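Following: one structure in structure tokens, then a few remarks.
Nothing here was measured: the structure is a model prediction, and the numbers come from that model. Order of the sequence lines sets the chain letters (A, B, ...), proteins ahead of strands, with each chain counted from 1.
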Number of protein chains: 2
Amino acid sequence: MKNQHPLSVYIDHTLLKPASSKRQIEQLCNEALEYHFKAVCVPPSYVSFCAAVLNRSEVEIATVIGFPYGYHSTASKLTEIYQAAEEGAHEADIVIQIAALLNGELQVVESELDTLINACKKHKLTSKIIIETGLLSKEQISAVCGICAKYQADFVKTSTGVNAGGAVLETVQFMREILPDNIKIKASGGIKTAEQANTFINAGAKRIGTSSGLQIIGVS
Amino acid sequence: MKNQHPLSVYIDHTLLKPASSKRQIEQLCNEALEYHFKAVCVPPSYVSFCAAVLNRSEVEIATVIGFPYGYHSTASKLTEIYQAAEEGAHEADIVIQIAALLNGELQVVESELDTLINACKKHKLTSKIIIETGLLSKEQISAVCGICAKYQADFVKTSTGVNAGGAVLETVQFMREILPDNIKIKASGGIKTAEQANTFINAGAKRIGTSSGLQIIGVS
């Protein structure tokens, strides 16, 4: 395919800053179309606009739920999921209740993920659960990966890119070891080069979240 | 009153980081009780816990809606407001649709604030509208202050403390000039000393949002 770089199919072409303009989001969509990125990852307020711009293309629309702090109520995250699906999103990148996990309140994390992952299935959204590995111990990563597996999330995603350090190779390798084969990994946060992207893909990541997509495929 | 510093009554004692632990939030509440701060400002996920800790005290519970990016849907913000009220919050610090304001889509900002400010009134929550002045031109500040006045928000609040610079004296003075007398101002973001707090209060701020409350009243 014209302009198809081998890494394109892995890339969520991402712009999530709160001041992102309509023009910037339009450009993001046009770049995703031109270079055949897997998806754009955009604020919820731009989903319907992206659906109009990307109309009938193969580029998927991912949006974020409870982003970036994750401490919004389950009910409000659910409302975001419904609206995202209705407005044309294909994928939902959902931040967990980070503080609850850190407090050891696993049942809070589990109960919410049960609700939200099922809502995604019902609305045919790919679920990508952002666990914010940079704030977690190995035991906490293991616990939340177990919950994601139990409720059959589509992806576990390493990081928001906001609250802590981004993707770390050893962490992705660890997640790949402990997750069942059918649960995919999205590595995100601080990935800016093709070399980094390839390293994470070799470690088992099936998706790369990045705002440096053009640089990664060598056109910027 | 014992331990009552003259600035205490202005202070929203604030802890909004996504990794804030239950123990830290409990300490925040206990400090607010001991030093008679006006309110604690906490993540939505901790409102019911704070209601239990602060039971029957005069310290109010403020929480945040659509925080810190503001680009969650109006419906999900509304869900957060309902839940906050139900769980015992007294005040709602609501982030506007920042990108819509920057895009010049004033009707999006207005329609949402109409809905959310009215929901606060209905649920007897003090509404504090965070406009993120650090990202706005004077004209944009003027436009959104006009909307806040039209729908009778209780407060206009300068900043999230996350997305841009915090409170600026000239900006608070400008807001005080253009807002009707009955709409109050909360200055927040980067206020760490009694001198700064007094400067903003002299400029017309009726509330100070800060994570340096103890330092401001000289006990830390």
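Only the side chain of Val64(A) comes within less than 4.5 Å of a heavy atom of chain B; its backbone N, CA, C and O stay farther away. Neither the backbone nor the side chain of Glu87(B) comes within less than 4.5 Å of any heavy atom in chain A. The contact between Gln97(A) and chain B is made entirely by side chain atoms (from C-beta outward), counting heavy-atom distances below 4.5 Å. Of the atoms belonging to Val162(A), it is side-chain heavy atoms, and not backbone ones, that fall under 4.5 Å from chain B. Contact of Leu101(A) with chain B is not made at all, since no heavy-atom distance falls under 4.5 Å.
Of residues 121-156 of chain A, those residues with a non-hydrogen atom less than 4.5 Å from any non-hydrogen atom of chain B are, in numerical order, Leu135(A).
Here the closest non-hydrogen pair linking Pro18(A) and Ile98(B) is O-CB, 4.1 Å. Taking each heavy atom of Ala75(B) and Gln83(A) in turn, the nearest pair found is CB-OE1, 3.7 Å.
Comparing Pro43(A), Ala99(A), Ala19(A) by how many heavy-atom pairs each has under 4.5 Å with chain B, the most go to Pro43(A). Counting heavy-atom pairs closer than 4.5 Å to chain A, the top-ranked of the candidates Leu16(B), Leu102(B), Leu78(B) is Leu16(B).
A donor-acceptor contact shorter than 3.5 Å is absent between the side chain of Tyr71(B) and the backbone of Phe67(A).
Ser20(A) contributes atom OG, which lies 9.0 Å from atom OH of Tyr69(B) (distance to the nearest 0.5 angstrom). In this structure, the separation between OG1 on Thr79(A) and NZ on Lys77(B) is 13.5 Å, given to the nearest 0.5 Å. In this structure, CG in Asn103(A) is found 3.5 Å from OH in Tyr46(B), a value given to the nearest 0.5 Å. For the atom pair Ser73(B) OG and Ile81(A) CD1, the distance stands at 11.0 Å (nearest 0.5 Å).
For Glu86(B), the CD atom is loosely surrounded, since the number of other residues' heavy atoms within 6.0 Å does not exceed 12.
Contact of the His72(B) side chain with the Ser76(A) side chain is not registered, since no non-hydrogen atoms from C-beta on lie closer than 4.5 Å.
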